[in-house]
Trainee: 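Pasting a structure below so you can have a look.
Every chain is numbered from 1, with letters handed out A, B, ... down the list of sequences.
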Amino acid sequence: MILKEEVSTFKGKKILKAGGYGEIDHSRLVNHVVKDFKTWGKHFLVCFNKYTLRIHFGLFGSYAINEKRKGRNPSLSLQFNNGSLFCYIAHTKFIEEKLEDIYDWSLDMLSPKWNPAKVKSLLKKMPGDQQIGDVLLNPDIFSGVGNIIRNEVLYRCRVHPESLLEAIPAKKVTEIIQQTHIYSLDFLKWKKQDELKKRWEVYGKRTCPKGHTVTKQYTGKTKRRSFICETCVKEYMT
DNA sequence: ACGGTTGTTAGGCC
DNA sequence: AGGCCTAACAACCG
């Protein structure tokens with residue numbers, strides 16, 4: 001997560017002021033030292049001695065460092081002696097549990113602890129009649145994967161998002177897991193280099209790299225946007 | 001100008 | 001109890 005790197009300068013610093021419209025107890029922030037910043041999938045975690053502040057940016061969230069955006073109201077702002085963090089449309093909540101008890105970093109795409117064998121064992125335990133497109137958006141299995149990564153990975157693996165988990169050959173499932181990891185790391189790299197959009201092969205596209213027509217469909221339980229090249233991908237059904 | 005959305009949680013209902 | 005569904009978010013982009 002890029003944000004984690006950008007706030008590393010605040011690590012070990014005491015919060016001087018806290019604000020924002022988010023309904024959390026600011027007294028648990030002010031005058032407390034940030035021990036660490038962590039991420040798990042799309043959760044951004046501000047760690048204190050005895051508790052953690054969980055920040056989630058959802059679909060519309062954004063942030064700014066040091067410079068407040070004018071005309072906008074942050075849901076959370078934290079001021080340190082060397083700068084500030086402003087979070088917009090971010091959901092905030094205190095977590096009392098030990099992080100290891102509620103977060104499994106072997107499922108986090110960007111964690112060095114990420115473990116494809118663990119992902120595979122979870123997939124085996126789940127009902128096989130689910131669409132692979134839905135499975136990839138499940139943060140308890142593919143933590144950190146969103147709609148862009150899902151679309152791009154499925155196209156690269158030539159798999160239709162409505163394919164059923166149980167109908168996809170084991171080798172292909174392994175490929176999807178591996179490619180999801182690779183694309184997640186690439187996503188971060190390309191985002192930093194500001195070339196994410198130019199790397200898209202189907203997401204938001206009308207044609208695939210081979211020149212075929214890409215159709216936009218709303219698939220799966222969540223009805224998220226799926227960009228599908230019916231020529232390139234295969235639909236695995238029982 | 002306006003409609004759609006890079007996502008997840010919380011809460012309600014059955 | 002637990003699974004399923006949906007609202008909420010109120011900003012940005014094209």
Side-chain angles (χ1 to χ4, degrees), chain A residues 1-4 6 19-24 38-46 52-65 67-77 85-97 99 102-104 107-110 122 125-131 133-156 161 165 180 183-206 214-228:
Chain A
M1 209 192 240
I2 295 167
L3 170 58
K4 186 164 75 174
E6 291 178 327
Y21 63 77
E23 292 176 4
I24 51 165
K38 294 185 180 181
T39 60
W40 181 85
K42 298 183 178 189
H43 292 214
F44 177 59
L45 304 164
V46 184
T52 304
L53 178 65
R54 183 188 77 193
I55 302 175
H56 198 290
F57 293 95
L59 192 51
F60 313 125
S62 64
Y63 63 88
I65 308 233
E67 271 189 57
K68 192 173 178 166
R69 295 186 186 171
K70 55 180 181 180
R72 279 196 274 157
N73 200 12
S75 55
L76 177 72
S77 61
L85 170 66
F86 300 98
C87 300
Y88 301 92
I89 332 179
H91 308 274
T92 50
K93 192 189 173 184
F94 278 109
I95 292 177
E96 313 300 333
E97 296 96 327
L99 296 181
I102 52 173
Y103 291 117
D104 184 350
L107 300 175
D108 177 14
M109 285 296 152
L110 296 183
L122 283 183
K125 280 185 219 158
M126 62 193 320
D129 59 353
Q130 293 184 81
Q131 295 182 4
D134 283 334
V135 175
L136 279 168
L137 285 180
N138 184 339
D140 294 325
I141 297 167
F142 293 97
S143 171
V145 171
N147 200 28
I148 296 173
I149 294 177
R150 169 183 87 125
N151 269 281
E152 290 295 310
V153 167
L154 287 176
Y155 176 72
R156 271 150 223 254
L165 185 56
T180 304
Y183 197 87
S184 296
L185 298 174
D186 283 343
F187 187 100
L188 180 62
K189 183 178 78 190
W190 292 333
K191 177 94 180 160
K192 284 179 190 169
Q193 295 167 355
D194 199 26
E195 54 182 51
L196 191 56
K197 287 185 187 181
K198 81 176 189 202
R199 298 284 182 170
W200 290 343
E201 295 189 350
V202 284
Y203 188 82
K205 300 273 186 182
R206 309 188 83 164
V214 170
T215 59
K216 183 171 80 171
Q217 300 171 37
Y218 291 83
T219 67
K221 274 187 279 192
T222 52
K223 301 267 184 282
R224 297 294 298 277
R225 288 201 301 172
S226 290
F227 295 89
I228 303 167

Trainee: In this structure, how many angstroms lie between the C1' atom of C:dA7 and the NZ atom of A:Lys223, rounded?
Mentor: 17 Å
Trainee: Please give the distance between the C1' atoms of C:dG14 and B:dT6 as a whole number of Å.
Mentor: 15 Å
Trainee: Is there a residue in residues 88-96 of chain A whose heavy atoms reach under 4.0 Å of DNA chain C, and which residues are they?
Mentor: A:Ile89, A:His91
Trainee: Could you write out DNA chain C as dot-bracket? Rules: Watson-Crick or G-U wobble, both distances under 3.5 Å, brackets [ ] for crossings, | for pairs with another strand, dot for unpaired.
Mentor: .||||||||.||||
Trainee: Looking at side-chain heavy atoms only, is the closest gap between A:Tyr103 and A:Thr52 below 4.5 Å?
Mentor: no
Trainee: Under 4.0 Å between a side-chain nitrogen and a carboxylate oxygen: does that hold for A:Glu195 and A:Arg199?
Mentor: yes
Trainee: At under 4.0 Å between heavy atoms, what does A:Gly58 touch on the DNA or RNA strands: base, sugar-phosphate, or nothing?
Mentor: base
Trainee: Side chains of A:Arg69 and A:Pro74: closer than 4.5 Å at any heavy-atom pair?
Mentor: no
Trainee: In whole Å, measure the gap between the P atoms of B:dG7 and C:dC13 for me.
Mentor: 16 Å
Trainee: On DNA chain B, which is the earliest and which the latest nucleotide, 5' to 3', with an atom closer than 4.0 Å to a heavy atom of chain A?
Mentor: B:dG4 to B:dA10
Trainee: Do you know the tightest heavy-atom contact between A:Thr180 and A:Val145?
Mentor: CG2-CG2, 3.3 Å
Trainee: How are the rings of A:His91 and A:His56 set relative to one another: parallel (under 30°), tilted (30 to 60°) or perpendicular (over 60°)?
Mentor: tilted
